[in-house]
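The structure appears below as structure tokens.
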Amino acid sequence: MHDIYIEIFNKLGIPTVLAEITWPVIPFIFVAILLILVVIFLVLMERKVLAWLTVRKGPNRVGPFGFFQTIADAIKLLCKEDIMSKDTNKILFTLAPMIVFAPIMIIYGLMPFTEKFVAINLAAGLFLVFALSSITTVGIVLAGWASNNKYSLLGGMRSAAQAISYEIPLVIAVLSIAVLAGTLNLSDIVIAQAGGFSDGAFFSWNVFSWNIIPAFIGFVVFFICSIAEVNRIPFDLPEAESELVSGYNTEYSGMKFALFFLAEYAAMFIMSVLIVTLFLGGYLSPFSDYLSVTLFQNIIHNQNILYIFMHIEQGFWLIAKTYFVIFIIIWIRATLPRLRADQLMSFAWKFLLPLSLVNLTIVAVFKYFSTLMNG
Amino acid sequence: MDIIYNLFFYAIAFVLVIAALSVVFLPRIVYSAVSMILAFISVAGIFVLLNADFVAISQIMIYAVGITIIMIFAIMLTGRVSEKKLWIAFAPRTLFAFAIAGVFFVTILFTVTNGFKSLARESSIFSTTLPSIETIETLQTQGTTGIIGKALFTKYVLPFEILSLLLLAAILGAVVMAKKDRDNLINPTTRLIEED
Amino acid sequence: MALESTLNKEMIINVGPQHPSTHGVLRLVMTLEGEIIKDTKPVIGYLHRGLEKLAESRNYFQYLPMVDRVDYLSSFFCSAAFCYAVESIAGLKVPKRAEYIRLITMEFNRITSHLMWLTAFLLDLGATTPMFYAFREREDIVKLFEELTGQRMMYNFYTFGGVKKDLPEGWMTKAVDLCKSMPKMFDEYEAIITKNPIFMERTKGVGVLTQKMAADYAITGANIRGSGIDFDLRKTNPYSVYDEIDFKTHLAENGDSYDRYMVRIAEMRESVKIIEQALKQIPGGTPERLKVKSVNCGCKKEDCEFCGFDVQLVGKKLNAAVFKPPVGEVISMIEAPRGVITCYVVSDGTNKPYRVKWRTPSFSSVQLLPELIKGKNYSDLMPIFGSLDVVLPEVDR
Amino acid sequence: MYISGYGILIAFILFSFAFAAAALIMSFLVQPKAPGINKEKTYECGMKPFGDSRIQFDLKYYLYALLFLIFDIEAVFLFPWAVSYNKLGLFALVEALIFIGILVVGLVYAWKKDALKWQ
């Protein structure tokens, strides 16, 4: 893509520097479209799945199967009056949703959706993901503070305390992945999970080299923490509607609320992608080879077309795995009540943190011996 | 590439200076906290320009988030101060403070520039000659994280371990402080609420 | 600044009247320190309709529909309390069949009320799914009510001396079927709730109601049985035909929110058993059978099995305009889902009551709330308040 | 500057903020504006809010923030270790375990002192 873009500029006689500077627009547009599509589908999916789990029909009026429900909601939120109460701090009140939303969008750029579809391929990408995701905490605290509403403030403070507490086990669980892969580049982490553990027909399936196997405890810790990071039940205390009305976004309406909403669902998706990337082999197929490649290589001999097929399949596997993870998250939401603030905190510090340290030790020892055996 | 590099540097530096000045001069302490985030992120940008990607991200992780949250919590802990406007009063002591700050700044500037010069003489990091192609390749593909890791566990093992003791001391301090506050809490008398 | 910061540690917050978890329009003025509740002051009266005063300007029959509005979740009980009071003032006898119909409807209503409580309680704790499950079953019962009374909420079905209509045809079969399927549904709720570790964490040991406290605040109903006090008017002071039914009262030991939950679940199961028994024992049997038999019999004797007094619906036909109970005062007490509903009626011999006074169980529970949640975490408000099963119209009347 | 990808990252930072701002501006242009005194009241369950909402918070939040920072620093120092772990071998493992162990001592101390208890 990059090369074609530069070539077009060169043909038009525009300096390469200009082409290089304007290039990021293209991946950004891709990422933005992806984000919006993903959220539209995710909101609908959540409502449908929740409805099925609770013996209801869910949205079924707007479009076939209520497919345009989210779009209708988005238009409604866009056209809604933005009410700002008199005592709010107007600057921070407007800034806060942006601080919450923007980092999530950047994380979309960092994720390897397929082998080549990585907008920003950084050597320390994994590390940056956590740095960015923790910035949203600041936005939420600011939203709570700027609203000058007691519920918002309590929600914001709770949210900050929760996010920072769950950040620690999350990061330490990720350390075990860094140990296993030996890199922080997300694409390389995915590639490191290919190959299986021996050359046999069955054992060479990629499933056997996914990080979930050595770092299973880490996976559990990471999964729980990522639910907490995106404020889902049972960790949705910051916006517990029966306690804090709506938490930090009580005072928000219209597009500002929509940004929070968008950020929440976008974060839920990207956290699931992260779980898949780190523990479930990312875009890799669970088998030893890509199905489409094995299927079509005898029929189609054009390598480029096969390559495109492979990319589509990679995207398919990633999306499939991600939605599986999301389905579990929704399932959990339908099953569990929410925790109390103090239980939440002690769960993070007294259970998850020690567990993640244990996981790190296990993985380090495992890695040591596996390198020893492989020479 | 040099043009782009310089462009980036000056843009980031501009943002950094503005943000840093706003931290000091903005009337509300919460605004200062927000501009502090911007300042820290700009510093991270400068680090990136210096090929220190790991340090840059650490900067965001520890300073732009960790320290900022601590600052915001501290603001919350001080209650009403967060709403007060903090203007610099032009009293004689302000001028005095400015004078001291100025002297300090000049000293630092002098030291740093001199230090840079001597460093540049001694080491190859600041030399004008380009690094080897191998180094460039490692940097491009793996960043600096691995290099830092190797350095930490070979050359700087002792400081690394001492650091953990330092962090331990910080934990102990935090716990003792929190316990003290909790034990000294006077039970506030419940107030009667007037109906509105 | 030091002084300022110490003064500023507490936050006074209005929880309600427009709050998702205050079950209507209760307003709690709370003093929080951080998230610790230092003080709570319930402010009630947002739903006050003057039901007691209204009685004084209306005759007994005109007041009867309003009684249902005392507690919209257990209308039959309020209605029954008032009817029993008036019946005992006026010395009206109620036929057995009417009493059985009252008992069946009341027990069904106890289940709907408990189901409604369950949904609200779990919703407060953040679990949405039980709500839909419980409403599914509640809907079945409410449909039965609709078929019987024409109403889904304010039934206006009881009258002085009996009930207004006989059971419709086929109603009893449906009721029997429902009773058969219901325990399975309760198992379903219990599967999702009872052993749920988060639910147990949230409710066990939270909001412990000691026996002394319960006695001091005159708490009744499932709340007091959760603390281990065996007090159930249906047993201790049987009204209606409860003495002909074999049932148990369920007790728990600790008096925490979890125990109150367990007691209510057990009560629902027990209610199903009561209904099953009552459906078997009802004099005259099914309405279809009774109709045929009474036409065939036609003896009009007092003690006839098919056309005697026991299978009538109303003991004595009353004229609304001239119904004047003799001078006197009476208290009737009913074991409603939320506790003992007491109706105190004073008659001065006219066709309007001189005074009607309601003493409702939720009122006591609301008074108890500040003491139960003092010093607790703000999040504990939900399991404690939810488990007390407060319904606001009943508090405010 | 040799490390690739950061230019595009900076662009992404700017664009994503611009995206959020564009959404807000777009909504600002199409939304109806009908302000009112009651609309502008702070929500407090339908009552007039009393007192100041920006109260002084308990120190426990601060303690959690401090603990977060300390463990965050720990994690940041462990990242280079994790990346270069397979090149460093047993020595690094032992070193890291000592490093973690010392911090676990701190955690256990905080635990035993009940500092991790959210009141």
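Protein chains get the first letters and strands the later ones, always in sequence-line order, with residue 1 at the start of each.
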statement: Ranked by heavy-atom pairs below 4.5 Å to chain A, first place among D/A18, D/A65, D/A23, D/S84 goes to D/A23
message: I'd like to know which of D/D72, D/I10, D/L29, D/L78 tops the heavy-atom pair count under 4.5 Å against chain A.
response: D/L78
Looking at [atom1] of [X] and [atom2] of [Y], how far apart are the two atoms once the value is rounded to the nearest 0.5 Å?
X	Y	atom1	atom2	answer
D/S27	A/K80	OG	NZ	10.5 Å
D/L9	A/L122	CG	CG	6.0 Å
A/I106	D/S16	CD1	OG	3.5 Å
D/L103	A/L357	CG	CG	8.5 Å
A/L360	D/L97	CG	CG	8.0 Å
D/F71	A/S165	CZ	OG	11.0 Å

Minimum heavy-atom distance between [X] and [Y], given as atom pair plus value:
X	Y	result
A/V171	D/A75	CG1-CB, 3.4 Å
D/F68	A/I168	O-CD1, 3.5 Å
A/A364	D/Y85	O-OH, 2.6 Å
D/A20	A/M98	CB-CG, 3.6 Å

Toward chain A, the part of [X] with a non-hydrogen atom under 4.5 Å:
X	value
D/A96	neither
D/I8	both
D/I13	both

Is the closest side-chain heavy-atom distance between [X] and [Y] below 4.5 Å?
X	Y	result
D/P32	A/E81	yes
D/Y64	A/W349	yes
A/V31	D/F15	no
A/T94	D/F28	no

Using heavy-atom distances under 4.5 Å, tell me whether [X] contacts chain D through its side chain, its backbone, both, or neither.
X	result
A/V25	both
A/I36	side chain
A/P103	neither
A/T250	side chain
A/L175	both
A/L95	neither
A/L353	side chain
A/L259	side chain

task: Specify whether D/F12 and A/F28 have parallel, tilted or perpendicular ring planes, treating 30° as the upper limit for parallel and 60° as the lower limit for perpendicular.
output: perpendicular
